[in-house]
Amino acid sequence: MAMKAPSMDEWLREAKAAPGAENCGMYLFHNGVVRRTSKAAARQGRDDDVDYDEEKAKSAAETARAMPGIRHVRVWLNRGRLLPGDDIMLVLVGGDIRPHVVDALQALVGELKEHCVTEREVFEPAQPEAPEGKHT
């Protein structure tokens, strides 16, 4: 069962109220969502279970936080059986100027997707097809 995603509006309010927020000129967020054509669905019409490595995710966030001009980083990752439309991840990055924030967001999301989040294909028994002309 997928977890309920936190409120991005609340995250942004908290970020703007945090110490040092006066040094942030831009916030960008990423909302990764399960699309209809996930890896497993595209291959065989199957759902995915999603999990992540918490230590790798923390390390990725710390690395992004240490990038030039970055003042705020927050990450939430989902786990469990996810269906199209479910949130996979939320990422919020704040910093001094646009190029720094764009670079940090892109690097962090890439790291999370490539090295922290894992998808396991869920294989369920195939349903027998009804003979032609007979529908159940």
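Every residue meeting the side-chain hydrogen bond (donor to acceptor under 3.5 Å, both in side chains) condition with His100, not counting sequence neighbours, appears here in chain and number order: Asp96. With sequence neighbours excluded, no residue forms a side-chain hydrogen bond (donor to acceptor under 3.5 Å, both in side chains) with Arg71.
More than 12 heavy-atom neighbours from other residues, nucleotides or ligands sit within 6.0 angstrom of OH on Tyr52. Remark: Arg13 CZ is packed, more than 12 non-hydrogen atoms of other residues, nucleotides or ligands lying under 6.0 Å away. With a 6.0 Å radius and a threshold of 12 heavy atoms from other residues, nucleotides or ligands, Gln106 has its CD atom at or below the threshold.
The line from OH of Tyr27 to CH2 of Trp11 is 13.5 Å long, rounded to the nearest 0.5 Å. Leu12 contributes atom CG, which lies 10.0 Å from atom CD of Glu10 (distance to the nearest 0.5 angstrom). Here CZ of Arg74 is found 9.0 Å from CE of Met8. Values are rounded to the nearest 0.5 Å. In this structure, Leu90 CG and Ser7 OG are separated by 9.5 Å, a value rounded to the nearest 0.5 Å. Separating the CG atom in Leu108 from the CG atom in Leu92 is a distance of 10.5 Å, to the nearest 0.5 Å.
With respect to Arg79, the salt bridge (Lys or Arg N to Asp or Glu O under 4.0 Å) criterion is satisfied by exactly one of Asp53, Asp51, Asp86, Asp87: Asp51. Screening Asn78, Val75, Val117 for a side chain to side chain contact (heavy atoms under 4.5 Å, CB included) involving Met89 leaves a single residue, Val117.
We find that Glu111 and Lys56 are not joined by a salt bridge, their nearest charged nitrogen and carboxylate oxygen being 4.0 Å or further apart.
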Handout entry: Steps toward side-chain contact (heavy atoms from CB on, under 4.5 Å) verdict (Ile88, Leu77)
Key = CA-CA 6 Å; Ile88 298 172; Leu77 299 170; 5.7 Å; no
Could you go through residues 60-67 and list every donor-acceptor pair under 3.5 Å that involves a side-chain atom there, pairing it with any protein atom two or more places apart or in another chain?
from: Thr63; atom 1: OG1; to: Ser59; atom 2: O; distance (Å): 3.0
from: Arg65; atom 1: NH2; to: Val73; atom 2: O; distance (Å): 2.9

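Heavy atoms only, all atoms of each residue included: Cys24 and Gly94 are closest at SG-C, 3.9 Å.
Val102 and Leu105 fall within a single hydrophobic cluster, where Ile, Leu, Val, Met, Phe, Trp and Tyr side chains are chained together by heavy-atom contacts under 4.5 Å. Leu112 and Val33 fall into different hydrophobic clusters, where Ile, Leu, Val, Met, Phe, Trp and Tyr side chains are chained together by heavy-atom contacts under 4.5 Å.
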